Q: 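So that we are looking at the same thing, I have put the structure below in structure tokens.
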There are 2 protein chains.
Amino acid sequence: MMFPRYDTVELVFEGADRLPVGAEPPFSVRLRNGAEEIVVPGFWDGGTTYRVRVCPQSDGTWTWEVEGARTALDRSSGSFEVTPGAAHGPVRVAHRFHFAHADGTPYRPVGTTAYNWLHQDEPLFTQTVDDIAEVGFDKLRFMVFPQGGGYIEHVPALMPFEKTDGHWDVSRPVPEFFQHLDRAVEMLGARGIQADVLIFDAYDRGQFGLDALTEEEDAVYLRYLVARLSGYAHVWWSLCNEFDQLERPDDRWDRTGALLASVDPHDHLRSIHNWIEIYDNNQPWVTHASIQNGAATEDFGRANLYRDVWKKPVVLDEIKYEGDIPDRWGHLDGQELVHRFWITTVAGCYASHGESFLTESGSLHMVEGGVLRGESPARIAFLRGILDDLVVPGLDPIDKWDDPAYVAGWPRQQYVQYLGRSAPASWSFRLPVGQPGESPEEGDVFEVDVIDTWNMTVTPVGRRFTLTEVTRNEAFDRDSAPVDLPAGKPIALRITRVEV
Amino acid sequence: MMFPRYDTVELVFEGADRLPVGAEPPFSVRLRNGAEEIVVPGFWDGGTTYRVRVCPQSDGTWTWEVEGARTALDRSSGSFEVTPGAAHGPVRVAHRFHFAHADGTPYRPVGTTAYNWLHQDEPLFTQTVDDIAEVGFDKLRFMVFPQGGGYIEHVPALMPFEKTDGHWDVSRPVPEFFQHLDRAVEMLGARGIQADVLIFDAYDRGQFGLDALTEEEDAVYLRYLVARLSGYAHVWWSLCNEFDQLERPDDRWDRTGALLASVDPHDHLRSIHNWIEIYDNNQPWVTHASIQNGAATEDFGRANLYRDVWKKPVVLDEIKYEGDIPDRWGHLDGQELVHRFWITTVAGCYASHGESFLTESGSLHMVEGGVLRGESPARIAFLRGILDDLVVPGLDPIDKWDDPAYVAGWPRQQYVQYLGRSAPASWSFRLPVGQPGESPEEGDVFEVDVIDTWNMTVTPVGRRFTLTEVTRNEAFDRDSAPVDLPAGKPIALRITRVEV
């Protein structure tokens, strides 16, 4: 067998018995390629069928052998070949505040949200992914468990576990449910969309009772879910959306998060998302912060404060929604949401989109998915293009507590400045200077592009700028004429150093 | 012997030997008053003199006995009487984001800074405290170790330890040095000023070498310092100013902080203060955040973000200085610094003052102390008066991520709104509504005071306001005429519910 690197290699086993799903996997597989080694748990997939999924991170001949089997299996060792491919592998934290694929390719999260998407019927189910891909989002946040509460309008028939005596029996997962989840994750992957999987459900509100599992039951489910999905390169884990809607002590989340980190053989990204109380993202299991706080993105100088306290990437995963419902969180206009994305960008953070126009069913896109209708998605996808085109690993505030212009970038290489919803009529070349040793120097030459964030145009200024004066905190080209700008428009500047 | 409650009770012992100061105290004293019990370490104070200092938190007959003596002492047990007094006791965290004395009296930190004050000669030394007290500050941040670097201009003769083979010998503290420190702390206490003691020194810069002690040496000094000063009610501990100027791994600070918490019998407040990298204030030993970040206080909606991530009181302990030096951190004007204090206040946080006018000696008040000359101190003391007059435990943002007016207060009881450096000509009665269950109700009656934050006046509007409309997020008095304001002035409003 031959697989491209970072593909999902699935090994299928026939077991002698059907085992109840428990705290320990039915067996594990140890895989080796030279000095590389990974141990991946197997999982039950109906009847006496068992599977293992692994995402190989290196080329060559991988050999594998079964360990700790609790049922006799039809085979116990084997091998497969991995060849170079076009895929870039799982996303990791890079440069403290940013992301890159395992092969080093930068990844810029520009995602959207459809919490209850997994539980929708066709054609809505596939249409959602088609539209997200067409618009150009590169990540989707969705829940494994079905959503209760307002704006739901659709209750799924397929549930994750069987019931025993009226109680969810996590030892008896429903294979069809999780096979549907597999296909959903694969569908996203096929379209280049990261699957940000919300594991537990604060929106159950007692409707299904999946929020009433014990910590031990949660752990059984968590291990099973990880065994199924960890082999997909593009999976991210989010422990819960608005975790603090559930009345659980923080240390239960700490333990569950630490368990997640310990059982995931591929070490995917891990976060937890807040409602009112922010989680302690300094916990070692957390790889990046996933924050709800629209206000932090409403103005300059806010979201960047979160970076400093956690020293991890910050993704603002709910900053309110473009839509027309009366709830305060659900009636931003498109301009305001795009504005918030750009503010977030120059704060050195990332944001997620969501849409809350009332749909034909009485639901919202952020709940059920469907076709996006807002004005922001195209502009946010345009921003994604700008981020993907960066020649640097990410944008960091250059002079984080002192730059009145809030310029972000990578010292001496590339900078982005967002001038807000209403640009002035002209801009004179000026850069902030960051830490000593990273300073641009007199004679450095830059090109500038004028970006209309709403009309989605990138216009090169067409002349070069040479630094004539570099002080401790600022750098100027005093000899060049100012750049004319379309006053009153939401304009950003991209400032890139060129070799001369 | 009779002592008022919260006074420092000092027991003096004559020992048979002079012991080197080490990781263990020379002896401890166990004190009991009914069910209350505290174990306080003794300390060596020159020759064969030893002392114990305790701050009794309850009235009655306290009995005590020596434990674990490593030298014969002239007495081993005794008792004293504690009677009610006027003092309020050590400051503790109260209501998550605020402070109160041990007896429940709210404490509002409005402090200033003179890092190297301890090391100045008279008359400057006493003059500093006289002036701080006269202006009305209630806390002083100062370092135990002498400061190196710029703007120092004075090197003290008295150092904390003797030297052995050219190396500081922490087993041989200099009693005269620490007796001077005792008197300094007592001088502050006598004037009602909390002593915010900066234990380690990131400003040594190799000049004295006190930044080069090992972790074990630091621990010996820390235990000795705590044994000496813990018995003073008004002591706060700050592990270090700009801790990240020292190239030490964070886990050394974690351990030293945890040690501090474990050895302080009176459990005084504990913090650590950053330069560029912010410490993990979620560490259990940290009681409150002590943050350097001027930008967080420059505009609304920033400093409050820090509250959410640590769920502890936030004191902005360096927000730049009123002064006239060229450094960016040292040339705020008085208006700007006062503005920042008020923004910090309605963010539900606290701020510290410091002054950086060049003094006659070539130093700065924030280094050496002296007489304050800026325009801000009187206005900051005025703010302290406003805080001390609050009828509620503290000011919390009422609608933390959604109120465009940034009103802080205590739901349904009292509110403060700061209108910025340039107030509008009028204000119509409006309050944000916080969480359900805390909402003001129609018919609630309020009085409003107009506070001129610069001219230091409080002007009652002179009529009452009755809520006529309470929505999910806002409350209004639609029937009353707007309040006329001095347009263009830096105005705050105090809005207090009255019983009718």
Side-chain angles (χ1 to χ4, degrees), chain A residues 96 244 250-251 254 274-284 286 289 291-312 314 316 318-320 326-329 332 343 347 349 397 399-404 406 432-436 471-474, chain B residues 96 244 250-251 254 274-284 286 289 291-312 314 316 318-320 326-329 332 343 347 349 397 399-404 406 432-436 471-474:
Chain A
R96 195 184 233 197
D244 50 321
D250 276 0
D251 60 357
D254 298 347
N274 65 289
W275 177 42
I276 291 171
E277 298 282 346
I278 291 180
Y279 185 75
D280 174 11
N281 287 307
N282 279 329
Q283 291 283 325
V286 176
I291 298 300
Q292 168 163 211
N293 181 357
T297 68
E298 272 184 73
D299 207 347
F300 297 98
R302 296 180 181 178
N304 55 298
L305 301 183
Y306 287 136
R307 291 171 32 120
D308 291 335
V309 297
W310 297 312
K311 305 172 181 70
K312 296 177 182 178
V314 175
L316 278 298
E318 278 193 281
I319 59 173
K320 302 191 174 177
D327 308 70
R328 286 206 284 199
W329 51 262
L332 293 187
I343 284 180
C349 302
D399 187 15
K400 67 177 182 177
W401 292 338
D402 288 276
D403 178 14
Y406 302 104
V433 169
Q435 292 302 302
T471 69
R472 169 65 191 84
N473 300 122
E474 293 178 290
Chain B
R96 194 184 235 197
D244 50 320
D250 276 1
D251 60 358
D254 299 346
N274 65 289
W275 178 40
I276 291 171
E277 298 281 345
I278 291 181
Y279 185 75
D280 174 11
N281 287 306
N282 280 330
Q283 291 282 324
V286 176
I291 298 300
Q292 167 163 212
N293 181 359
T297 67
E298 273 185 70
D299 207 347
F300 297 97
R302 296 180 181 178
N304 54 299
L305 302 184
Y306 287 135
R307 292 172 29 122
D308 291 335
V309 298
W310 298 311
K311 304 173 180 69
K312 295 176 181 178
V314 175
L316 277 298
E318 276 193 282
I319 58 173
K320 302 190 173 177
D327 309 71
R328 280 204 289 197
W329 50 263
L332 293 187
I343 284 180
C349 302
D399 186 16
K400 67 178 181 176
W401 292 339
D402 288 275
D403 178 14
Y406 302 104
V433 168
Q435 292 302 303
T471 70
R472 169 66 191 84
N473 300 122
E474 293 178 291

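Only a predicted model underlies this, so the values are computations on that prediction, with no experimental measurement involved. A note on names: the letters A, B, ... follow the listed sequences, proteins ahead of strands, and every chain is numbered from 1.
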Q: Give the minimum heavy-atom separation between A:Trp401 and B:Trp275, together with the two atoms involved.
A: CZ3-O, 3.2 Å
Q: Any salt bridge linking B:Asp402 with A:Lys320? Criterion: basic side-chain nitrogen under 4.0 Å from a carboxylate oxygen.
A: yes
Q: If you count heavy-atom pairs under 4.5 Å between each of B:Arg472, B:Arg96, B:Gln435, B:Glu298 and chain A, which one has the most?
A: B:Arg96
Q: Salt bridge or not for A:Arg328 and B:Asp399, using N-O below 4.0 Å?
A: yes
Q: Using 0.5 Å steps for rounding, measure from the CG atom of A:Asn282 to the CD1 atom of B:Ile278.
A: 10.5 Å
Q: B:Asp254: which residues meet the side chain to side chain contact (heavy atoms under 4.5 Å, CB included) condition with it, sequence neighbours left out?
A: B:Asp251, B:Tyr279, B:Gln283
Q: Relative to chain B, which segment of A:Trp310 carries a heavy atom at a distance below 4.5 Å: side chain, backbone, both, or neither?
A: side chain
Q: Would you please name every residue forming a salt bridge (charged side-chain N to carboxylate O under 4.0 Å, His left out) with A:Asp299, sequence neighbours left out?
A: none
Q: Please round to the nearest 0.5 Å and tell me the distance separating atom CG of B:Asn293 and atom CG of A:Asp308.
A: 7.0 Å
Q: Examine whether an atom of A:Ile291 lies under 4.5 Å from a heavy atom of chain B, and if so say whether it belongs to the side chain, the backbone or both; otherwise answer neither.
A: neither
Q: Give the C-alpha distance, both sets of side-chain angles, the deciding distance and a yes or no for side-chain contact (heavy atoms from CB on, under 4.5 Å) between A:Lys400 and B:Ile276.
A: CA-CA 9 Å; A:Lys400 67 177 182 177; B:Ile276 291 171; 3.7 Å; yes
Q: Please state whether the side chain, the backbone, both or neither of A:Arg302 comes within less than 4.5 Å of a heavy atom of chain B.
A: both
